[in-house]
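All remarks here apply to the structure that follows.
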Amino acid sequence: MPVTLAEARLCANRLLSRLSDEHYAPLCKKLERVHTSVKQVLHERNNCIPYVYFPCNAAMSNIVGFEDGTVIEVGTVGNEGFSAPELLARASRATETSICQIEGHSMRMSARDYLHAIDGDTALRHVSECYLQGYLSQVSQTAACNRRHTLESRFARWLLLTHDRVQGREFMLTQEFLADMLGVNRPSVSLAAVAFQKDGLIRYRRGHMAILDRAKLEVVSCECYACVNAQFRRVLDTPYG
């Protein structure tokens, strides 16, 4: 069901929020507010893209799978952007599989409506292209980070990123899911979580994660969080997440 401009503004996707009322109002006729659940597949690699999602308080992981069944996260999408940026290049199929990592609400429109809305020199195309620059920076930084930095610093970076994108300091997160996203085994994530909890950085209990000391997490995190944040500020004049 289409949303009103007032409802769309309340959903607080930062990319859409950059649009003026003049440019946002016509899009509302094509947008609907939807809830996405953890591990819900939004689109699959090499398959057609049915919808474009603009997260509000949800977060999504873009992953690549391997023949042995393992998956690695190559990028994430939160309230600073939208899913399936490859549509800007008129891609007919998804480059990556996108799944919901943190449940919540998003604004959604059909891929067909999105392609129509970015046809030509439109406001939505402009902000989408700016986001694409930030997303590509994130993907390249993530590749380097996974090769260079310790699990502990990557764990802290992932927690900071997720904290930015949710309402409040608590969210649902299983160690199995996080291990998949970081490309490590679950025992390694368990050890890091125990150490963080002992140091008072987080509280973790039965899939419930709470950020207790963000300042300390920023100290533990690698430089990649701040680096990508700076890129998003440059291209969108808004923080990462």
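This one's a predicted model, so the numbers in the text were calculated from it and none came from an experiment.
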I102 side chain near V38 side chain, heavy-atom distance below 4.5 Å:
no

Interatomic distance, D199 atom CG to E152 atom CD [nearest 0.5 angstrom]:
11.0 Å

When clusters are formed by joining ILVMFWY residues with side-chain heavy atoms under 4.5 Å apart, either directly or through shared neighbours, do M209 and L212 land in the same one?
no

If two hydrophobic side chains count as joined below 4.5 Å and joins carry through other members, does V127 share a cluster with L136?
yes

Between L236 and Y131, which heavy-atom pair has the shortest distance, and what is it?
CD1-CA, 4.0 Å

Could you tell me which non-hydrogen atom of V77 sits nearest to which non-hydrogen atom of G81, and how far apart they are?
CG1-C, 4.1 Å

Pairwise distance CD1(I118) to CZ(R90) - rounded to 0.5 angstrom
5.0 Å

Taking the side chain as every heavy atom from C-beta outward, state whether E80 and L15 have any pair of such atoms under 4.5 Å apart.
no

Determine whether more than 12 heavy atoms belonging to other residues, nucleotides or ligands lie under 6.0 Å from atom CG of D121.
no

Quick check against the 3.5 Å criterion: does Q231 have a side-chain atom that pairs as donor or acceptor with the backbone of Q133?
no

So which atom in V228 and which in S137 form the shortest heavy-atom distance, rounded to 0.1 Å?
CG2-O, 4.4 Å

Return yes if some donor-acceptor pair links the side-chain N/O of Q141 with the main-chain N/O of Q138 below 3.5 Å, else return no.
no

Which atom names give the shortest non-hydrogen contact between A210 and E170, and what distance separates them?
CB-CG, 3.6 Å

Heavy atoms from other residues, nucleotides or ligands near CZ of R33 exceed 12 (cutoff 6.0 Å)
no

Keeping the roles fixed (side chain from D68, backbone from T70), state whether a donor-acceptor pair exists under 3.5 Å.
yes

So if I apply the side chain to side chain donor-acceptor pair (under 3.5 Å) rule between S61 and each of K39, E96, Q101, which one comes out positive?
Q101

Side-chain contact test, heavy atoms from C-beta onward, threshold under 4.5 Å: evaluate it for T97 versus N47 and give yes or no.
no

Pair D119, Y114: side-chain N/O donor-acceptor within cut-off below 3.5 Å:
no

Grouping I, L, V, M, F, W and Y whenever their side-chain heavy atoms are under 4.5 Å apart, do V139 and L42 come out in a common cluster?
yes

Give me the atom names and distance for the closest heavy-atom approach of T36 to A58.
OG1-CB, 3.8 Å

How about E103 and H35: do any of their side-chain heavy atoms sit closer than 4.5 Å?
yes

With a 4.5 Å cut-off on side-chain heavy atoms, are R169 and R203 touching?
yes

Within the 4.5 Å heavy-atom criterion, are K30 and P2 side-chain neighbours or not?
no

Among pairs that include at least one residue of residues 48-67, which meet ring-ring contact (aromatic ring centres under 6.0 Å, His included), considering only residues two or more places apart or in two chains?
F54-F82

Going through the distances and angles, do Q40 and S37 end up as a side-chain contact (heavy atoms from CB on, under 4.5 Å)?
CA-CA 5 Å; Q40 178 179 337; S37 304; 4.2 Å; yes

Has R205 got more than 12 heavy atoms of other residues, nucleotides or ligands less than 6.0 Å from its CZ?
no

With side-chain contact (heavy atoms from CB on, under 4.5 Å) as the criterion, how do H105 and V34 come out once you've worked through the C-alpha distance, each side chain's angles and the decisive distance to 0.1 Å?
CA-CA 6 Å; H105 290 94; V34 296; over 6 Å; no

Are I72 and I99 connected, step by step, through hydrophobic side chains (Ile, Leu, Val, Met, Phe, Trp, Tyr) whose heavy atoms are closer than 4.5 Å?
no

Calculate, to the nearest 0.5 Å, the distance between atoms SG and CZ belonging to C145 and R154 respectively.
6.0 Å

Point-to-point distance, once rounded to the nearest 0.5 Å, from CD1 of I49 to OG of S110:
12.0 Å

Measure the CG-CG distance between L87 and L132 for me, rounded to the nearest 0.5 Å.
11.0 Å

Search all heavy atoms of L124 against all heavy atoms of L19 and return the closest pair with its distance.
N-CD2, 4.1 Å

Are side-chain heavy atoms of S98 and V41 found at a separation under 4.5 Å?
no

Would R9 and T4 count as having a side-chain donor-acceptor pair, cut-off 3.5 Å?
no

Please confirm whether the backbone N or O of T95 pairs with a side-chain atom of R45, one donor and one acceptor, at under 3.5 Å?
yes

Judged by modelled atom types alone, do N57 and R165 share a side-chain donor-acceptor pair under 3.5 Å?
no

Find out if a path of hydrophobic residues (ILVMFWY) with successive side-chain heavy-atom gaps under 4.5 Å connects L5 to L10.
no

For a 4.5 angstrom cut-off between non-hydrogen side-chain atoms, does S221 reach S153?
no

